[in-house]
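Report on one structure; see the data block that follows.
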Amino acid sequence: KKHLVTNDGIMGAPDLVVEIISPNSVKRDRVDKMKLYKKYQIRECWLIDPNNRSVEVYTFQESEKDYDIFSFAVTDGTVQSQVLAGFSVEIAPLFV
């Protein structure tokens, strides 16, 4: 979405957001920000939770106007993106 980048900044919603869950703001990161992402129909949201050593990938479902879990892993394993075709991440190295 290069067209969103202007001399005045980024103008528009991204396709993908990666949120790292902070122990001090779990509700804000998991609930409040997800509501904001839903409002702007961000196509994919990754929630990385260092405390639980997990990664959750949510995709926006236009028909439902809400998110569904697309990919999930805890401690090890791989998560993948629907928005970035062919992109996947082995999660174990994220929590070293």
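Counting begins at 1 with the first residue of the sequence.
In this view, Asn51 and Asp49 satisfy the side-chain contact (heavy atoms from CB on, under 4.5 Å) rule, not counting sequence neighbours. Remark: Ser54 engages no residue in a side chain to side chain donor-acceptor pair (under 3.5 Å) (not counting sequence neighbours). Not counting sequence neighbours, the partners of Leu36 by the side-chain contact (heavy atoms from CB on, under 4.5 Å) test are Tyr40. In this structure Glu64 satisfies the salt bridge (charged side-chain N to carboxylate O under 4.0 Å, His left out) test with no other residue, sequence neighbours excluded. Considering only residues two or more places apart in sequence or on other chains, Asp8 meets the side-chain contact (heavy atoms from CB on, under 4.5 Å) condition with Thr6, Met11. Every side-chain contact (heavy atoms from CB on, under 4.5 Å) that Val5 has, sequence neighbours left out, goes to Ile10. Residues passing the salt bridge (charged side-chain N to carboxylate O under 4.0 Å, His left out) test with Lys39, sequence neighbours excluded: none. In this structure Ser25 satisfies the side chain to side chain donor-acceptor pair (under 3.5 Å) test together with Asp29, sequence neighbours excluded. Residues passing the ring pair (Phe, Tyr, Trp, His ring centres under 6.0 Å) test with Tyr67 are Phe60, sequence neighbours excluded.
Ile69 and Val26 fall within the same hydrophobic cluster, where Ile, Leu, Val, Met, Phe, Trp and Tyr residues are linked whenever their side-chain heavy atoms come under 4.5 Å apart, directly or through other members. In the hydrophobic cluster analysis, where Ile, Leu, Val, Met, Phe, Trp and Tyr join through side-chain heavy atoms closer than 4.5 angstrom, Leu16 is grouped together with Phe87. Side-chain heavy atoms closer than 4.5 Å link hydrophobic residues (I, L, V, M, F, W, Y) into clusters, and following such links, even through other members, never connects Val74 to Val89. In this structure, Trp46 is not a member of the same hydrophobic cluster as Phe72, with clusters built from ILVMFWY side-chain heavy atoms closer than 4.5 Å. Grouping the Ile, Leu, Val, Met, Phe, Trp and Tyr side chains by contacts below 4.5 angstrom, directly or via other members, places Tyr58 with Val17.
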Fill in: Trace of the side chain to side chain contact (heavy atoms under 4.5 Å, CB included) decision for Leu94 with Val55
CA-CA 10 Å; Leu94 298 176; Val55 178; 3.9 Å; yes
Practice prompt. Please test Phe95 against Thr75 for side chain to side chain contact (heavy atoms under 4.5 Å, CB included), starting from the C-alpha separation and ending with a verdict.
Written response: CA-CA 8 Å; Phe95 305 113; Thr75 307; over 6 Å; no
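Sorted by first then second residue, the salt bridge (Lys or Arg N to Asp or Glu O under 4.0 Å) pairs that include residues 66-87, not counting sequence neighbours, are Lys38-Asp66. Residue pairs meeting the salt bridge (Lys or Arg N to Asp or Glu O under 4.0 Å) criterion with at least one member in residues 11-23, sequence neighbours excluded, are Lys1-Asp15, Asp15-Arg43, Glu19-Lys33. Within the structure, every pair that satisfies the side chain to side chain donor-acceptor pair (under 3.5 Å) test and touches residues 79-95, not counting sequence neighbours, is listed here: Glu44-Ser81, Thr78-Glu90.
Other residues, nucleotides and ligands place more than 12 heavy atoms under 6.0 Å from the CZ atom of Arg30.
Rounded to the nearest 0.5 angstrom, Leu47 CG and Tyr37 OH are separated by 8.5 Å.
Ile21 and Pro50 get closest at one heavy-atom pair: O-CD, 3.4 Å. When all heavy atoms of Ala13 and Ile42 are compared, the closest pair comes out as CB-CD1, 3.6 Å.
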